[in-house]
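Please read the structure below before turning to the comments.
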Amino acid sequence: MVKEKLEGKIKKAYQMAVDEGTFKAERDCPEVIFIEKPKMESHGDFACGVSLKLARHLKLAPMKIAETLKDYIEKVGTNGSGSMKVEAAQPGFLNFQLDKSFLSNIIHQIASAGSNFGQGKPNGKKILIEYVSANPTGGLHIGHGRNAILGSSLANLLSFAGWQVEQEFYINDCGEQINKLAKSAYACYQRKLGQSVDYPEDGYPEDSLSPLVDKAMSEFDKSKLSTPEELGDIVKEYFRADQEKLLLSLGVKFDSWFSETSLHKDGKVEEALRQMSILDFTYDSEGAYWLKAKELGDERDRVLKKSSGATTYLANDAAYHLNKYKRGYDLMVNIWGADHHGQVPGLKAVVKALGEDPAKLDILLTQIVNLNRDGKPVKMSKRAGTVVMLDEVLEEVGADAVRYYLAESNPNNPINFDLELAKKTSKDNPAFYIQYAHARCCSILRRACEEYLDSESGKMNPPRVSLEQMREIEEAYGKDEHLFDSTFDHESDNPEAFAAQKKLVLRLACLPDEVEEAARVMQPGRIARYSYEIACDLQRFYEVSRVLSEDLSVTRSRLGLIMATRQVLANTLKIIGVSAPERM
RNA sequence: GCGCCUGUAGCUCAGUGGAUAGAGCAUCCGCCUUCUAAGCGGGUUGUCGAAGGUUCAAAUCCUUCCAGGCGUGCCA
């Protein structure tokens, strides 16, 4: 919002300078105008280093360019959105100092946009995010959890940023693992019927299957359980349904569940194989059917159909991705665990062999999640040995903490998830601290309309703001641009308070830029960290500046700042899928 | 061997080619009669893994090397 505005101004100034012959160059600025937030306050609220980059094109000294741009920016004027000071600084930066009307205008804009504040304009593009995609042969572990939270937060983020998003779970419901599941379940079933059969070697653990087999026996007639395949189909659906339920409890909801088996039933795998052979990217060798993957950038060729006649996961993936491409997305994102990174070149090769554009397929890899308790590694599962199961972590720390910690980090880095930290109710725990900031805003808004104790007389005073007045403020603050001007009126009385308010408002103003940037690099974690910064700025403001006071006009306008903060916190929490409580 | 990821403060991590390198934790000092102290302010803390290169400007881009993690199936 602010950055966009400044960028526009600089661009206009540049063009004016060209039009008037001050700069001898094309009208289009040859460098990207990047607005940054300077680290040092003396460098203004925002800064731009484009003059340094333009020096080469214009063959002028950077400082000279900055000064010229400054003059033209002043000529361009403010067109109503509040004014600012511009300064040219060595070695050629443009530093912007926003004034009070600009700050007050930001609150007004947040107020009028409400829950839409920060939203990107619809870009008319469709994106498919495929994630989790676990085998329906057991529960989800914490790694699946990371994948799920990244996918879900990314979907929220991109949708907020203006994409049309669909979320899909690809069910790996056929192949060797599923056969093994069916055989294990069937052996378990036969034993329950009193038959003495050997349990398959390296089969799935009997204790985890036993309750599901019981359930199948109670829900289905014997005639439906006569083969391992029939029982396998039932059990894998139980596992899938459990996964869906667990994901829903974390706020992860898919638009579609795509079955791998359905590709076989519909002849789609054969169709994909034919398409690749038509383009001459396949061959027979050693009794198997191969993809010329090496020609397509992989390190070696890959088997599509085993000598047994069964297709490999890669052939099935080819069929699945052909289907995705046919659905006409502008971009497809797959989220995989980093232990699958070796498959990336294979899948890219398949896409090329199908004659589709690999640039439309983006694969995000998530590194592992290490669980700690007070700095020491934990192994908590009774069921799966060393693997930590998602439902156990969820039960211990709750959905909000799980979502925050799995969303917050950069997917390329491993997560060190500390269970004790996630349960703490202090600033050490950012998930808590952000929610607390939201609750604090709500509390102040509530208290404004309540009676309060007069410390001198010891009597209760009537509320500072009546419910009716509060409604009026809420309504007016989206409409009246100048309602909040007095928020910043007391700079000289209390410079500390002014600085804290200004910092908070400028932080809030960055939401649109943060959303845009996070969406561009597909890192919802940036929003989580941004949210934490808001919470810190609010806390600072709260320390040095009272909202509810005897001065009604100041109270009203500061309530506006609190409403705006609450709104931006709510919008960011929604993206990462963490709840925004009104009381804690 | 080859491929991918990572290397920034004692620890966990941010950092978009820009100005003096940033948070939290830890540690030290100070602060609660006031809207939620479940907190706040301040101090200490760095060969940005190493060496070259590109650039007016490099933690950031390029090359080489070192260290760690993961992967390298007719499993998925």
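Lettering follows sequence order; numbering is per chain, from 1. Quantities reported herein were computed from a predicted structural model and do not represent experimental measurements.
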Next on the checklist: When you compare the side chains of A:Glu286 and A:Ser307, does any donor N or O come within less than 3.5 Å of an acceptor on the partner?
Outcome noted: no
Next on the checklist: Let's see if you can work this out: which of B:rC40, B:rC75, B:rA23 has an atom nearest to the side-chain heavy atoms of A:Glu176?
Outcome noted: B:rC75
Checklist entry - What does A:Gln343 touch in the nucleic acid at a heavy-atom separation under 4.0 angstrom: a base, only the sugar-phosphate, or nothing? => result base
Item to check | Polar pair under 3.5 Å, donor/acceptor by atom type, side chain A:Tyr436, base B:rU36 | outcome: yes
Next on the checklist: Need one value for A:Lys3: base, sugar-phosphate or nothing, where a base atom within 4.0 Å counts as base even if backbone is also close, heavy atoms only.
Outcome noted: base
Next on the checklist: Looking at A:Glu533 and A:Lys503, is there a salt bridge between them, counting it only when a charged N and a carboxylate O are closer than 4.0 Å?
Outcome noted: no
Checklist entry - Contact class for A:Ala310 (heavy atom, under 4.0 Å): base, sugar-phosphate, or nothing? => result nothing
Checklist entry - With a non-hydrogen cut-off below 4.0 angstrom, is A:Tyr433 in contact with a base, only sugar-phosphate, or nothing? => result sugar-phosphate
Item to check | A:Asn172 side chain, from C-beta outward: closest of B:rU12, B:rU36, B:rA76 | outcome: B:rA76
Item to check | Short side-chain donor-acceptor distance under 3.5 Å, A:Ser579 and A:Arg403 | outcome: no
Checklist entry - Tell me, do A:Lys37 and A:Cys510 make a side-chain contact under 4.5 Å, heavy atoms counted? => result yes
Item to check | Derivation of the salt bridge (Lys or Arg N to Asp or Glu O under 4.0 Å) call for A:Glu450 and A:Arg447 | outcome: CA-CA 5 Å; A:Glu450 289 172 1; A:Arg447 290 295 296 274; 3.5 Å; yes
Next on the checklist: Side chain of A:Gln177, heavy atoms from C-beta onward: which of B:rG15, B:rU12, B:rC75 has the nearest atom to it?
Outcome noted: B:rC75
Next on the checklist: Rounding to an integer number of angstrom, what distance separates B:rG53 and B:rA21 when you compare their C1' atoms?
Outcome noted: 23 Å
Checklist entry - Between A:Asn370 and A:Asn416, does any side-chain donor sit less than 3.5 Å from a side-chain acceptor? => result yes
When you compare the protein's N or O atoms with those of nucleotides 2-6 of chain B, which come within less than 3.5 Å of each other, and at what distance?
{"residue": "B:rG3", "atom": "N2", "partner": "A:His341", "partner atom": "NE2", "Å": "2.3"}
{"residue": "B:rC5", "atom": "O2'", "partner": "A:Gln367", "partner atom": "NE2", "Å": "3.4"}
{"residue": "B:rC5", "atom": "O2'", "partner": "A:Asn412", "partner atom": "O", "Å": "2.9"}
{"residue": "B:rU6", "atom": "OP1", "partner": "A:Asn412", "partner atom": "ND2", "Å": "3.4"}

Checklist entry - Given atom NZ of A:Lys37 and atom P of B:rA23, what is their separation to the nearest angstrom? => result 13 Å
Checklist entry - Which one, B:rA14, B:rU36, B:rG17, comes nearest to the side chain of A:Arg529? => result B:rA14
Next on the checklist: So if I take every side-chain heavy atom of A:Trp290 and compare against B:rC40, B:rG24, B:rC74, which nucleotide ends up nearest?
Outcome noted: B:rC74
Item to check | Pairwise P distance for B:rG18 and B:rA58, with rounding to whole Å | outcome: 11 Å
Next on the checklist: Measuring only the P atom in each nucleotide, how far is B:rC28 from B:rU33? A whole number of Å is fine.
Outcome noted: 24 Å
Item to check | Options B:rC75, B:rC74, B:rC40, nucleotide nearest the side-chain atoms of A:Ala288 | outcome: B:rC74
Checklist entry - Of the nucleotides B:rA38, B:rC13, B:rG15, which has the atom closest to the A:Gln523 side chain? => result B:rG15
Checklist entry - Hey, mind stepping through A:Glu582 and A:Arg566 against salt bridge (Lys or Arg N to Asp or Glu O under 4.0 Å) and telling me if it holds? => result CA-CA 10 Å; A:Glu582 295 195 1; A:Arg566 194 209 59 76; over 6 Å; no
Item to check | A:Glu517 side chain to A:Tyr530 side chain, donor-acceptor N/O pair below 3.5 angstrom | outcome: no
Checklist entry - How is A:Ser545 classified with respect to the nucleic acid when contacts are heavy atoms under 4.0 Å: base, sugar-phosphate, or nothing? => result base
Checklist entry - With a 3.5 Å cut-off and just heavy-atom distances, do the side chain of A:Ser307 and the base of B:rC74 make a donor-acceptor pair? => result yes
Next on the checklist: Need one value for A:Arg302: base, sugar-phosphate or nothing, where a base atom within 4.0 Å counts as base even if backbone is also close, heavy atoms only.
Outcome noted: nothing
Item to check | Gap between atoms OH and C1', on A:Tyr405 and B:rC13 respectively (whole Å) | outcome: 12 Å
Next on the checklist: Taking atom types as they are modelled, would you say the side chain of A:Lys53 forms a donor-acceptor pair with the base of B:rG18 within the 3.5 Å cutoff?
Outcome noted: yes
Item to check | Interatomic distance, A:Gln539 CD vs B:rA37 P [rounded to whole Å] | outcome: 7 Å
Checklist entry - Heavy atoms under 4.0 Å, any strand shown: does A:Asp202 hit a base, just sugar-phosphate, or nothing? => result nothing
Checklist entry - Got a salt bridge between A:Glu237 and A:Arg240, using NZ or NE/NH1/NH2 to carboxylate O under 4.0 Å? => result yes
Next on the checklist: Suppose you measure atom C1' in B:rG68 against the same atom in B:rC62; what distance do you get, rounded to whole Å?
Outcome noted: 23 Å
Next on the checklist: Taking only the C1' atom of each, what is the distance from B:rA14 to B:rU60 in whole angstrom?
Outcome noted: 13 Å
Next on the checklist: Would you measure the distance from the P atom in B:rU45 across to the matching atom in B:rA57 and give it in whole Å?
Outcome noted: 29 Å
Checklist entry - Taking NZ from A:Lys183 and C1' from B:rC75, how many angstroms apart are they, rounded to a whole number? => result 13 Å
Checklist entry - Is A:Phe93 stacked on the base of B:rA19, meaning ring centres closer than 5.5 Å and planes within 30 degrees of each other? => result yes
Checklist entry - Base, sugar-phosphate, or nothing: which does A:Tyr289 touch, judged by heavy atoms less than 4.0 Å apart? => result nothing
Checklist entry - When you measure from the side chain of A:Val547, which nucleotide among B:rC35, B:rC74, B:rG18 comes out closest? => result B:rC35
Next on the checklist: Starting the side chain at C-beta, find the nucleotide from B:rC74, B:rC35, B:rA76 nearest to A:Ile444.
Outcome noted: B:rC35
Checklist entry - For atom P, what is the distance between B:rG22 and B:rG71, given to the nearest Å? => result 38 Å
Item to check | Atom-pair distance (CG on A:Asp418; P on B:rA26), nearest Å | outcome: 12 Å
Item to check | Spacing between A:Arg540 atom CZ and B:rU36 atom C1', to the nearest angstrom | outcome: 18 Å
Item to check | Intermediate values then yes/no, side-chain hydrogen bond (donor to acceptor under 3.5 Å, both in side chains), A:Glu260 and A:Asn172 | outcome: CA-CA 6 Å; A:Glu260 184 177 358; A:Asn172 291 118; 3.3 Å; yes
Next on the checklist: For a salt bridge (Lys or Arg N to Asp or Glu O under 4.0 Å) check, start with the C-alpha distance between A:Lys324 and A:Glu130, then their side-chain angles and the critical distance, and finish with the verdict.
Outcome noted: CA-CA 10 Å; A:Lys324 283 190 189 173; A:Glu130 181 225 313; 2.7 Å; yes
Next on the checklist: On the nucleotide B:rU36, are OP1 or OP2 found under 4.0 Å from the side-chain N or O atoms that A:Ser443 carries?
Outcome noted: yes
Item to check | Secondary-structure stems, RNA chain B, at least 3 Watson-Crick or G-U base pairs under 3.5 Å | outcome: B:1-7 with B:66-72, B:10-13 with B:22-25, B:27-31 with B:39-43, B:49-53 with B:61-65
Item to check | Derivation and outcome, salt bridge (Lys or Arg N to Asp or Glu O under 4.0 Å), residues A:Glu270 and A:Lys305 | outcome: CA-CA 10 Å; A:Glu270 286 305 321; A:Lys305 203 187 255 186; 3.4 Å; yes
Next on the checklist: Between B:rA50 and B:rA59, how many Å separate the two P atoms, rounded to a whole number?
Outcome noted: 11 Å
Next on the checklist: Under 4.0 Å, counting only non-hydrogen atoms across every strand here, what does A:Ala47 touch: a base, just sugar-phosphate, or nothing?
Outcome noted: base
Checklist entry - Of all the nucleotides listed (B:rA23, B:rG71, B:rC74), which has the minimum atom distance to the side chain of A:Lys306? => result B:rC74
Next on the checklist: If you compare every side-chain N and O of A:Arg447 against the phosphate oxygens of B:rU36 (OP1, OP2), does one of them come in below 4.0 Å?
Outcome noted: yes
Next on the checklist: When you measure from the side-chain N and O atoms of A:Tyr542 to the phosphate of B:rA37, is any distance below 4.0 Å, counting only OP1 and OP2?
Outcome noted: yes
